[in-house]
Amino acid sequence: MPRRQFVLHSRLVVDSYLSIGGITFCIRGPWTWDEPLSRFLAAPSEPDVELSVVIGPAPPHSGKLVFDSGAVWRLYEGQRIECRSALFGDAPYKTAVFDDTFTRGTIYLRDEHLNPLDYPLDEVLVANLLGRGRGVELHACGIIDHAGVGRLFVGASGAGKTTMARLWDRDARSIVSDDRVIVRETGGALRMYGTPWHGEAELSANESAPLAGVYLLVQSDANAIREIDPSEAVARLFACAFPLFHDAAALDFTLRFLERVGPVYELKFVRDRSVVALLASSPHAHL
Amino acid sequence: MKTDKQTKKPYEKPTLTRFPLRPEEAVLGFCKSNAASGPSGGGCRGVNSCFTPGS
């Protein structure tokens, strides 16, 4: 029947649903999704975040600049994010205007071939949602072993996150990301979530697991684990987080959340599989 | 009974430890040309890298 075909077609192409870090996004409109975001497509459900998309310029505004990332995006008063690229001249190629909670918004695209949630808007949006009481994104490699145990290997670029992901290849049920992992508290326990924002190995998965071990990576000529002081742990984790520097309340939340992520261990490791064996038999992996 | 003087820990001068923060990574400001979409990645429809690669 033509009418039924139309309804079915509408459901397939009109709205997209993504789930990132346990947060469900609904994006209105017929968008196609490339890797890695396509790995995070989800079945339709009640969304936490609803986004509309308009092809065309955003309405003019007079809001003051709140934060300049120094590169692609800037935040203005009124929760307005503008993305600029030399490829598109002086005007923003993408503008997003959100409500105060970042759960409702409209994205204006200058070019219909752009995807509304192309990096960095996707990650900036998630950072704003997490910073408002939901959790923390860390510069980390997240590994779920065959027992379903989640381990987080934290470090800045060059620390060895992708190396660690490759070393765990045979011993991992899933590598949820080799670069960015979300940590949230659910039911009184910490849980880690994969993200689309992967590293050199392009490893990312829409999976999650209870968090059972947090390790700050240090490349060395011998394997060694030591528990670090809680205040040092918070400082070093904060240096590998993506906090909202312009929002005092969000910064406070982030620091208090990181206090609960522990104990935290410094892991000095050799770039071979001996570190996997060490951790697999380690009593440290229980928070 | 111990006096306050006996139970007090010896004074330790406060120390300041600095941990490096990489702002270019922390603010999500840069496209990751080989690892993400956007104007320098998959979403740019073939346009090559336009920003310093991120983390």
Side-chain angles (χ1 to χ4, degrees), chain A residues 33-37 67-74 83-88 93-94 111 113-127 137 139 156-158 161 178-180 196-202 204 229 231-232 234-246, chain B:
Chain A
W33 300 89
D34 297 326
E35 294 277 343
L37 269 177
F67 185 80
D68 186 347
S69 73
V72 180
W73 66 275
R74 292 175 182 166
C83 301
R84 287 182 168 80
S85 161
L87 293 171
F88 292 93
Y93 66 86
K94 183 189 295 185
D111 185 323
H113 296 105
L114 291 167
N115 183 286
L117 282 184
D118 274 347
Y119 183 88
L121 185 61
D122 53 357
E123 200 168 4
V124 173
L125 172 57
V126 168
E137 181 186 353
H139 213 168
S157 292
K161 298 184 294 297
D178 62 336
D179 200 59
R180 310 281 171 91
W197 311 298
H198 53 63
E200 289 174 27
E202 301 191 8
S204 73
D229 177 78
S231 60
E232 180 184 342
V234 171
R236 291 174 67 175
L237 290 175
F238 184 81
C240 293
F242 303 91
L244 304 179
F245 290 102
H246 54 275
Chain B
M1 179 190 276
K2 291 182 178 177
T3 65
D4 284 350
K5 204 168 184 180
Q6 288 172 312
T7 56
K8 274 186 179 174
K9 289 182 181 177
Y11 173 76
E12 288 181 24
K13 190 178 176 183
T15 58
L16 181 66
T17 306
R18 292 176 182 271
F19 297 98
L21 180 68
R22 299 185 189 179
E24 73 280 9
E25 295 182 8
V27 301
L28 306 169
F30 294 83
C31 291
K32 300 187 293 178
S33 57
N34 294 322
S37 53
S40 68
C44 66
R45 303 294 184 263
V47 179
N48 289 325
S49 175
C50 54
F51 299 112
T52 305
S55 51

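Below, chain A is the first sequence line, B the second, and so on; all start at residue 1.
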> Any donor-acceptor pair under 3.5 Å linking the side chain of B:Arg22 with the backbone of A:Ser157?
Replying inline: yes
> Can you tell me how far CD of B:Glu24 sits from OG of A:Ser69, rounded to the nearest 0.5 angstrom?
Replying inline: 11.5 Å
> At their closest point, which heavy atom of B:Phe19 faces which heavy atom of A:Glu232, and how far apart are they?
Replying inline: CZ-CG, 3.4 Å
> So, for A:Trp73 and B:Val27, which heavy atoms are closest and what is the spacing to 0.1 Å?
Replying inline: NE1-O, 3.0 Å
>> With a 4.5 angstrom heavy-atom cut-off, is it the side chain or the backbone of A:Ala127 that approaches chain B, or both, or neither?
In response: side chain
> If you round to the nearest 0.5 Å, how far is OG1 of B:Thr17 from CZ of A:Arg236?
Replying inline: 10.5 Å
>> Please report the interatomic distance CG(A:Leu121) to CG(B:Leu28), rounded to the nearest 0.5 Å.
In response: 11.0 Å
